[in-house]
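The structure appears below as structure tokens.
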Amino acid sequence: MQRMAELTAADWLTGSPTEPMRLITYGPPGFAAYGRLRYVPDPQGPGTAEADVVLPEGHPSDIAQARAVLRALGDPAEPCFFCVWEGYSGSFLDPELTRGPLVVLPHRRYVLFAGALAEIDRWEQHFGGGRPCPPPAFAWPADHRWCFTSDVDPHWAGIAASASVLAALTARTDVDVVAASPADAPPAYGS
């Protein structure tokens, strides 16, 4: 995993005309299909807080679920880019990394990394000191055929890909992926 000082790989994000919250939760427009990886189930009613959700014993962490989806999206050896939100500095991201050039989107700034998709298997070693840590805020291959987003606020991650790839993900039973439309407001937990 290499920290990138040259940020042109993220130009498709920084130059996107997409509304900011849609961009950081679903990625750029133009994909055939979009979906949501639900880290925890959607709220069952208004006023439900995420802290009220009771998960079964052994429920996989967010990074474990993200890893399963990312492995399904691409080949482990393919070159990819990963954005890590600067707001994680101090909790698991070395604050020194946020002193260099950052990918800047409205409401968020990110440190850009490059490496093979297989680096997701060592994510905790790269960023969490071996402890669980949040998934990448963005991940995408050099050819832009898919985009994975995991913003700090929602209880889910966005997936942008081909219709066949999204259909395969929604058919899986080891992750909770549902089809979604970036134009529709997804369910959200109250505070």
Side-chain angles (χ1 to χ4, degrees), residues 13 16 18-74 76 80-85 87-88 91-92 105 107-108 110 117 119-121 123-124 127-128 131-141 145-191:
L13 301 176
S16 175
T18 307
E19 185 272 322
M21 289 311 291
R22 184 221 180 268
L23 180 64
I24 64 175
T25 55
Y26 284 106
F31 286 90
Y34 291 86
R36 292 187 304 119
L37 164 62
R38 297 185 289 196
Y39 295 130
V40 298
D42 286 337
Q44 297 301 303
T48 305
E50 192 171 343
D52 296 333
V53 176
V54 177
L55 297 172
E57 186 72 28
H59 184 79
S61 66
D62 293 0
I63 185 59
Q65 294 176 70
R67 183 179 291 119
V69 167
L70 286 163
R71 286 178 184 150
L73 287 170
C80 287
F81 297 95
F82 306 89
C83 283
V84 177
W85 180 48
Y88 288 134
S91 58
F92 84 92
L105 298 176
H107 314 297
R108 302 284 190 271
Y110 308 95
L117 181 58
E119 292 298 326
I120 197 66
D121 291 336
W123 195 253
E124 293 93 327
F127 300 111
R131 300 179 317 273
C133 58
F138 284 93
W140 70 91
R145 81 178 176 285
W146 54 262
C147 185
F148 176 88
T149 64
S150 187
D151 189 49
V152 64
D153 292 331
H155 65 281
W156 51 271
I159 303 163
S162 68
S164 61
V165 167
L166 190 64
L169 284 170
T170 60
R172 290 177 63 152
T173 58
D174 62 327
V175 288
D176 183 12
V177 175
V178 295
S181 169
D184 299 333
Y189 283 97
S191 47

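Please read all numbers here as calculations on a predicted model, not as lab measurements. This chain uses plain numbering: 1 for the first residue, then up along the sequence.
When all heavy atoms of Gly27 and Cys147 are compared, the pair lying nearest together is CA-SG, 4.2 Å. The two atoms that bring Leu23 and Thr149 nearest to each other are O-CG2, 4.1 Å, heavy atoms only.
Inter-residue side-chain proximity for Trp146 and Val165 is flagged as unmet; no heavy-atom pair is nearer than 4.5 Å. Using a 4.5 Å heavy-atom threshold, the side chains of Leu37 and Phe148 count as touching. Residues Pro29 and Arg22 form a side-chain contact, since some pair of their non-hydrogen atoms from C-beta on lies under 4.5 Å apart. The shortest side-chain heavy-atom distance between Phe82 and Trp123 falls under the 4.5 Å cut-off.
For residues 152-188, every residue pair satisfying the ring-ring contact (aromatic ring centres under 6.0 Å, His included) rule, not counting sequence neighbours, is listed here: Tyr26-Trp156, His155-Tyr189. Pairs of residues two or more places apart, or lying in two chains, that qualify as salt bridge (charged side-chain N to carboxylate O under 4.0 Å, His left out) and include a residue from residues 33-47 are Arg36-Asp42, Arg38-Asp42, Arg38-Asp176. Sorted by first and then second residue, the salt bridge (charged side-chain N to carboxylate O under 4.0 Å, His left out) pairs involving residues 149-160 (not counting sequence neighbours) are Arg108-Asp151, Arg108-Asp153. Applying the salt bridge (charged side-chain N to carboxylate O under 4.0 Å, His left out) definition to pairs two or more places apart or across chains, those involving residues 155-174 are Arg172-Asp174.
The side-chain hydrogen bond (donor to acceptor under 3.5 Å, both in side chains) test applied to Arg71 returns Asp121, not counting sequence neighbours. Judged as a side-chain hydrogen bond (donor to acceptor under 3.5 Å, both in side chains), and not counting sequence neighbours, the contacts of Thr18 are Ser16.
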Quiz item: Where do Val177 and Leu166 land on the side chain to side chain contact (heavy atoms under 4.5 Å, CB included) test, with the steps shown first?
Solution: CA-CA 8 Å; Val177 175; Leu166 190 64; 4.1 Å; yes
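The CZ atom of Phe138 sits 13.0 Å away from the CH2 atom of Trp85 when rounded to the nearest 0.5 Å.
Although no hydrogens or angles enter the test, the distance criterion places a donor-acceptor pair under 3.5 Å between the side chain of His59 and the main chain of Tyr39.
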